[in-house]
2 protein chains.
Amino acid sequence: MTIYDIAKEAEVSGSTVSRVMNGKAGVNRETREKVQALLDKYHFFANETARGLVNQSPRMMGILIADIRNTHYSDGAYLIAQECARYGYCSLIFNTGDDDASKVEYLRILSARRVDGIAMIGSTYQCDAVRDAVSLYFPDKPVAIANGYLDMPHAYGVLADEESGIFSCVKLLQEKGKRRIVYVTGTDTPSNRNKLAGYEKGMRLLYGMEPEVWQAGGAGYQEGYGTTRRILTESKGVDAVIYAVDLLAAGGIRAVLDSGLRIPTDIALVGVDNSRYAYVTTPKLTSLDTKLSDLSLTCARVLVNAVSHEDGAKRMVVFSSIVERETT
Amino acid sequence: MTIYDIAKEAEVSGSTVSRVMNGKAGVNRETREKVQALLDKYHFFANETARGLVNQSPRMMGILIADIRNTHYSDGAYLIAQECARYGYCSLIFNTGDDDASKVEYLRILSARRVDGIAMIGSTYQCDAVRDAVSLYFPDKPVAIANGYLDMPHAYGVLADEESGIFSCVKLLQEKGKRRIVYVTGTDTPSNRNKLAGYEKGMRLLYGMEPEVWQAGGAGYQEGYGTTRRILTESKGVDAVIYAVDLLAAGGIRAVLDSGLRIPTDIALVGVDNSRYAYVTTPKLTSLDTKLSDLSLTCARVLVNAVSHEDGAKRMVVFSSIVERETT
DNA sequence: TTGTAGGCGTTATCAG
DNA sequence: CTGATAACGCCTACAA
């Protein structure tokens, strides 16, 4: 069914139906009611594909995310999609993984769909491959990144102050009387490099010690468990561990427990993200809340504004805070 | 840029460019190469909105999900989106929540976009409101439900055998020597009613006892914690608890621990879904794996098949299995 | 207030 | 093998 079927039955032209559907003025009261009655009768709604074509805008945003199964990211995707929906935009969500080739490929697909704007969630999108693909496929459409930044005229970045956030974690542990803090890294992303920098700075400035960094070789529970067991046996005098993400820390908690040590007396643990894992573990995990929710929401607003040509700050930061629970 | 810009520069017609882009036969080798060179030069890809219009198919699926932040669902959404992507379909993912009005509204939006098919994740979509909306907005497009079923000619359901799954949980606990099992429900969905039925059947058939059901009034950690504390103080002789979902059980674990009881000696706990929460808790949670991954994957395949008019079974079930960990 | 005509960017049909 | 031409369904000048 099309507007013309409605038009025929209402004995008016297609333009009139279109006008009624879009609530435009200049339609006779009776005509409008007659048309509206038919619209209601058939539950007819205009074909958005056709509207997208003529309006040169599909009213659709693209959301790029490494993996929606990761709660940390799905929270962001949820908020951005909800916020965009409030303004009448649908969201095309793509799981790109971390490899450059597929990030670029999905940007291409989004450009073929001529989406109105793009949101990318995670610092993994702050890289040259994405930068190049954006300037190639989206030379002038707005692009917003949650926890990342690209220096382009139409790109907006909302960042977490991870470096100073982790620095405060080191400080907290120092105040708790901890003497030797070790750091466990996750995957290699700009975000994780910032966290690492915060830790290193903390060790040098606060402790005057050389940092001790362990590569987990992943960001899951198992990696956290395995790495922590290694730390416990191979490294002497460790009484605190900071993990790049909560799930690593969750594995760490179990490793410490299995070693018969007490938390936080013998060893204190800190995670990052303040995710749902943080309160499910026993003991509950102290975690740095990097405020991804605020980040995502801001990101969505910036994006929607940019799409409607209202300018805003190109780069902003959201401050993180430590949520203390039972592991410190 | 459009195909005509390419056509002009290549000194051919738009049709020829279209033919080259779609890899159709019947184009002179040299012409094809000339056009392809330009396509590459400008990184040009056809406007999918226009293609969608003329092809009467946007090559897009709609995915309805209550809340993508729930890992249980996001796993499903991920798998379905990936599988559809393999066949060239984008996915429009909507978080509908549990209320009927917004489920209907999102179905309307999807119908306005004329999506090729719909996947719904969760038994919450097995209800009259959705049934009516589907027959109204999608009288002939394929609809697949992961863990639900609607009796319509173009609807496909992939179900979990939750009832017998929970029944086996009761059996397992009986074999472990437990004498009094209590059940904690979650929200009111067809799926949760099936689980409850399995528990009730188990108690009557296996124990010859009346079931004892506690309403958690939610499906989160806090509700699990609170309800379990109440059970522990108000109900006598309970030595096993089955929870409708893992997160409730996670709260339950902590409640039992806080009461100074031992798991599983004094009290055994079982969750459902075998989610990531199940192995993050201490002790790790025994959980009924309802195979949502298999369910979703099957769902996606069924959907893609149906879209390409290849018929398949209308209703199938995936069998669940218990993953034993440390709480039984 | 209403209708006609043209165009949005493709694809498909049909001549040549 | 190639090019007009007419859809696809809608919106918007412009004209009446």
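Source: prediction; values computed, not measured.
Between K41(A) and E9(A) a salt bridge is recorded (basic side-chain N to carboxylate O distance below 4.0 Å).
The S13(A) side chain lies nearest to dG3(C) when the options are dG3(C), dG9(C), dC10(D). Counting only heavy atoms from C-beta on, V12(B) has its side chain closest to dG3(D) among dC1(D), dC10(D), dG3(D). In this structure, of dT12(D), dT2(D), dT5(D), it is dT5(D) that holds the atom nearest to the side chain of S15(B). When each of dG3(C), dC8(D), dT12(D) is scored by its nearest atom to the side-chain atoms of R19(A), the top-ranked nucleotide is dG3(C).
For R69(A) and Y78(B), the positive end sits near the middle of the six-membered ring, less than 6.0 Å away and at most 45° from its axis. A cation-pi arrangement is absent between R315(B) and Y156(B), since the terminal nitrogen or guanidinium carbon is not both under 6.0 Å from the aromatic centre and inside a 45° cone about the axis.
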**Asked** Would V20(B) and L39(B) count as a side-chain contact (heavy atoms from CB on, under 4.5 Å) if you check the C-alpha gap in whole Å, the side-chain angles of each, and the deciding distance to 0.1 Å?
**Response** CA-CA 9 Å; V20(B) 172; L39(B) 257 20; 4.1 Å; yes
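Following rounding to the nearest Å, N55(A) (CG) and dC11(D) (C1') show an atom-to-atom distance of 7 Å. Per the geometry, CZ belonging to R32(B) stands 9 Å off P belonging to dT2(D), to the nearest Å. Separating the CG atom of L53(B) from the C1' atom of dT11(C) is a distance of 10 Å, rounded to the nearest angstrom. As rounded to whole Å, 12 Å separates atom P of dT1(C) from atom CD of E30(A). Atom C1' of nucleotide dT12(D) and atom CZ of R51(A) are separated by 13 Å, given to the nearest angstrom. Rounded to whole angstrom, the span from the CE atom of M1(B) across to the P atom of dT10(C) amounts to 11 Å. When the C1' atom of dC14(C) is taken as reference, atom NZ of K24(B) falls 15 Å away, rounded to whole Å. Whole-Å rounding puts the K8(B) NZ to dG9(C) C1' distance at 15 Å.
Applying the 4.0 Å criterion to OP1 and OP2 of dT2(D), one finds that T31(B) has a side-chain N or O inside that range. For the pair Q56(B) and dG9(D), the criterion of a side-chain N or O lying under 4.0 Å from OP1 or OP2 is met. For T16(B) and dT2(D), the shortest distance from a side-chain N or O to OP1 or OP2 is not below 4.0 Å. In this structure, T2(A) does not reach the dG9(D) phosphate: none of its side-chain N or O atoms is under 4.0 Å from OP1 or OP2. Side-chain nitrogen and oxygen atoms of S18(B) include none within less than 4.0 Å of the OP1 or OP2 phosphate oxygen of dA12(C).
Partners of D5(B) by side-chain hydrogen bond (donor to acceptor under 3.5 Å, both in side chains), not counting sequence neighbours: none found.
Mapping V54(B) and N28(B) onto DNA chain D by nearest heavy atom places N28(B) at the nucleotide closer to the 5' end.
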